[in-house]
Amino acid sequence: MANTHLDMRKIKQLYRFYTQGVSKRKISKRLGISRNTVRKYLDLLIKSKLTSEEIDALTFEELRILLDIDHTHVTTRHSYLFDLFPTVHKELKKVGVTRYMVWEGYLQKYPDLVSYSRFCHLYKAWSRNQSPVMRFNHKAGDKMFVDFTGKKLSIIDPGTGEVKEMEVFVAVLGASGYTYVEACPSQKREDFIGCMVNALNFYGGVPKAIVTDNLKSAVTKSNKYEPILNESLLAMATHYNTTVLPTRAYRPRDKALVENAVKIVYTRVFALLGTIDFYTLGALNTAILEHTAVHNKTNFQSRNYSRLELFESIEKQELTALPVESYRLRQYVMGTVYKTSHIYISKDKHHYSVPYNYIGKKVRIIYTKDTVEIYLKQKRIALHKRGLKRYEYTTDPTHMPSTHRYVADWNPEKFLNWADAIGDYCKTFITLLLAKRQHPEQSYKSCAGVLGLAKKVGKDRLDNACKRALDYERINYQSVKSILEKGLDAIQEDTNTESNIPKHKNIRGGNYYK
């Protein structure tokens with residue numbers, strides 16, 4: 001028989017045309033097949049001695065058997081091979097192992113072993129009769145398939161009694177079928193990547209590739225040949241030295257392994273948890289992990305080994321070692337350096353400093369749970385611990401211009417020490433000035449103005465001017481400046497307090513007020 005077989009519909013049409021008296025040449029043209037193929041199938045159909053109506057009444061499978069298409073005769077001579085094929089299937093999952101190598105190995109044990117081509121043909125026939133999970137010949141350590149289930153689990157808020165639905169993440173290793181299941185609040189990027197990191201930690205290693213669906217948390221822009229991955233997912237893959245392979249849109253067969261695993265999870269996990277109330281996500285995931293462990297220890301159908309045994313025997317050692325630190329999710333935003341030498345992250349409502357020579361530049365901000373990094377054209381120009389206090393500033397003094405650093409260093413102790421070096425009256429004046437203003441920055445500016453006058457007039461004159469301002473109870477910069485400009489600081493005050501007011505009949509005496 002030819003390697004590629006004809007569609008069963010065409011075979012039925014072919015025989016119908018023949019019984020109607022159509023020549024083989026015309027049948028060839030009508031059906032678009034060669035005359036040799038027409039002749040070959042007609043010979044088989046004529047030998048069957050069935051009418052056209054009887055042929056039409058046959059199912060496709062019955063017709064395939066009648067024509068001996070893809071039919072394998074299993075004799076006693078072949079039966080021992082079918083007993084070996086489960087082990088062969090397991091061996092083929094190992095990296096670098098081929099069918100020819102396996103056949104060659106058995107040839108030494110069984111000198112009368114069938115030929116290599118017959119061996120492959122029989123193995124293929126055996127594979128077709130196995131469960132869907134066992135058809136895939138994935139290499140150990142090659143791929144991890146991930147997906148979210150369609151159905152959801154739920155938890156109950158203990159405070160309000162509200163039922164909150166949880167998404168369920170499933171990961172499956174290709175060669176062993178070893179399964180990881182976790183519930184999470186959503187399919188958003190943070191939860192999706194967090195679940196994948198937890199899955200890798202569960203497996204204790206990293207596969208060469210991770211096969212994902214085309215959900216928004218993984219793919220920014222879908223494309224049949226080169227889909228654009230989400231930056232956070234790409235950063236995670238780089239951290240673990242692996243590759244992300246999104247499936248084609250609307251092609252569930254690309255990840256049939258995890259699709260089948262989801263169906264099994266419904267039976268072995270969902271069905272057992274449906275009648276139990278959970279009040280925390282942690283409690284739900286603990287129960288999921290327990291039932292998943294039972295699933296992984298259960299033998300495959302028609303096999304004498306489990307997913308866990310297969311994982312430990314052939315796949316665990318093929319996984320790449322985990323990095324020292326787990327991946328921390330990175331967020332990516334763009335920003336502009338303000339004139340204050342700071343950028344602003346709207347999510348935290350917090351400001352972070354940048355060197356002042358980058359004012360006005362567009363920068364890239366990458367932040368994790370603990371750190372904030374600021375980049376300009378792939379060069380990191382600032383690094384801070386992440387601040388969680390709203391409307392506040394995280395500032396590195398070295399990022400500020402010299403004048404700004406001077407202002408940033410202002411504080412009450414600095415001004416009091418400065419005033420103390422000038423004189424006692426000046427220190428008293430500054431103390432009262434600091435206490436007078438409602439906003440610290442306003443007080444600091446006034447103090448700097450008063451103390452700066454010492455450079456023009458000297459410490460003694462400034463101290464005397466502060467004494468006179470204290471006497472006048474005029475505690476502000478302008479009063480001190482005015483006293484110095486008018487030279488009032490040099491006038492000696494008259495200590496004689498005796499009154500020289502003349503007596504007058506219009507002046508009331510002291511007895512008037514008693």
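What you see below is based on every heavy atom in this structure, not just the backbone, and it leaves out hydrogens, waters and symmetry mates.
- Taking each heavy atom of M236 and I193 in turn, the nearest pair found is SD-CG2, 3.9 Å.
- With F270 as the aromatic partner, K151 does not meet the cation-pi criteria of under 6.0 angstrom to the ring centre and within 45 degrees of the ring axis.
- For residues 354-365, the pairs satisfying salt bridge (Lys or Arg N to Asp or Glu O under 4.0 Å) are E231-R364, with sequence neighbours left out.
- The side chain to side chain contact (heavy atoms under 4.5 Å, CB included) search around K316 returns F311, not counting sequence neighbours.
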- request: May I have the step-by-step check of side chain to side chain contact (heavy atoms under 4.5 Å, CB included) for I27 and Y41, ending in yes or no?
  value: CA-CA 12 Å; I27 292 173; Y41 282 105; over 6 Å; no
task: Kindly indicate, with the supporting measurements, whether the criterion side chain to side chain contact (heavy atoms under 4.5 Å, CB included) is fulfilled by E104 and Y116.
output: CA-CA 8 Å; E104 199 172 35; Y116 173 65; over 6 Å; no
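- Looking at heavy atoms from C-beta onward, H350 lies out of side-chain contact with H384 at the 4.5 angstrom threshold.
- Taking all atoms of both residues into account, the shortest heavy-atom contact from Y180 to E182 is OH-OE1, 2.7 Å.
- Under the 4.5 Å side-chain criterion, counting only non-hydrogen atoms from C-beta, S154 is not in contact with D277.
- Checked by atom type and distance alone, the side chain of S353 pairs as donor or acceptor with a backbone atom of D396 at under 3.5 Å.
- What you find for V372 and Y367 is that their closest heavy atoms are CG2-CB, 3.9 Å.
- Considering only residues two or more places apart in sequence or on other chains, Y393 meets the side chain to side chain contact (heavy atoms under 4.5 Å, CB included) condition with H342, H351, T395.
- Between M144 and Y203, some side-chain heavy-atom pair lies under the 4.5 Å cut-off.
- Among all heavy-atom pairs drawn from Y266 and G150, the shortest one is OH-N, 2.9 Å.
- A 4.5 Å side-chain heavy-atom check between M196 and L233 finds at least one atom pair inside the cut-off.
- The side-chain heavy atoms of L319 and L200, taken from C-beta on, include no pair separated by under 4.5 Å.
- Using a 4.5 Å heavy-atom threshold, the side chains of D191 and F148 count as separate.
- Residue pairs satisfying the ring pair (Phe, Tyr, Trp, His ring centres under 6.0 Å) criterion with at least one member in residues 274-294, sequence neighbours excluded, are absent.
- Going from atom CG of L153 over to atom CG of L284 covers 5.5 Å, rounded to the nearest 0.5 Å.
- Side chain of Y352 to main chain of G387: a donor-acceptor pair is present (N/O by atom type, distance under 3.5 Å, no hydrogens or angles).
- Atom-to-atom distance recorded for I366:CD1 and Y375:OH is 5.0 Å, nearest 0.5 angstrom.
- Within the structure, the salt bridge (Lys or Arg N to Asp or Glu O under 4.0 Å) test picks out no pair touching residues 17-39 (sequence neighbours left out).
- Considering all non-hydrogen atoms of both residues, A183 and L281 come closest at O-CD1, 3.7 Å.
- For Q20, the CD atom is densely surrounded, since the number of other residues' heavy atoms within 6.0 Å is greater than 12.
- Atoms OG and NE2, on S306 and H295 in that order, are 10.0 Å from each other to the nearest 0.5 Å.
- Here E373 pairs with R380 under the salt bridge (charged side-chain N to carboxylate O under 4.0 Å, His left out) rule; sequence neighbours left out.
- T242 pairs by the side chain to side chain contact (heavy atoms under 4.5 Å, CB included) definition with V206, I210, A237, Y240, not counting sequence neighbours.
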field: Check against side chain to side chain contact (heavy atoms under 4.5 Å, CB included), R268 and V294
entry: CA-CA 9 Å; R268 297 185 177 178; V294 174; over 6 Å; no
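- When every heavy atom of L273 is checked against every heavy atom of I288, the shortest pair comes out as CD1-CG1, 3.6 Å.
- Here the CH2 atom belonging to W103 is positioned 9.5 Å from the SG atom belonging to C120, to the nearest 0.5 angstrom.
- Two residues are said to be in side-chain contact when any heavy atoms from C-beta on lie closer than 4.5 Å; I374 and Y358 fail this criterion.
- Residue pairs meeting the ring pair (Phe, Tyr, Trp, His ring centres under 6.0 Å) criterion with at least one partner in residues 11-36, sequence neighbours excluded, do not occur; the list is empty.
- Between atom CD of residue E312 and atom CD1 of residue I314 there is a gap of 11.5 Å, rounded to the nearest 0.5 Å.
- Among residues two or more places apart in sequence or in another chain, the salt bridge (charged side-chain N to carboxylate O under 4.0 Å, His left out) test is passed with R386 by D348.
- No donor-acceptor pair under 3.5 Å is formed between the side chain of E318 and the backbone N or O of A140.
- Atom CG of residue L308 and atom OG1 of residue T179 lie 11.0 Å apart, to the nearest 0.5 angstrom.
- A search for side chain to side chain contact (heavy atoms under 4.5 Å, CB included) contacts involving D142 returns K139, K208, not counting sequence neighbours.
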Can you give me every donor-acceptor pair (side chain of residues 161-175, partner residue at least two apart or in another chain, under 3.5 Å) with its distance?
from	atom 1	to	atom 2	distance (Å)
K164	NZ	D157	OD2	3.4
E167	OE1	Q187	NE2	3.1
E167	OE2	K152	NZ	3.2

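- Pairs engaging residues 280-290 under the side-chain hydrogen bond (donor to acceptor under 3.5 Å, both in side chains) rule: none recorded [sequence neighbours left out].
- Between R16 and V22 the shortest side-chain heavy-atom distance does not fall below 4.5 Å.
- Side-chain contact, N36 with S34: no donor N or O sits under 3.5 Å from an acceptor N or O.
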Pair L14-L45, side chain to side chain contact (heavy atoms under 4.5 Å, CB included): steps then yes or no: CA-CA 10 Å; L14 178 150; L45 291 167; 4.1 Å; yes
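- Proximity of a side-chain donor or acceptor of S28 to a complementary backbone N or O of I33 within less than 3.5 Å is detected.
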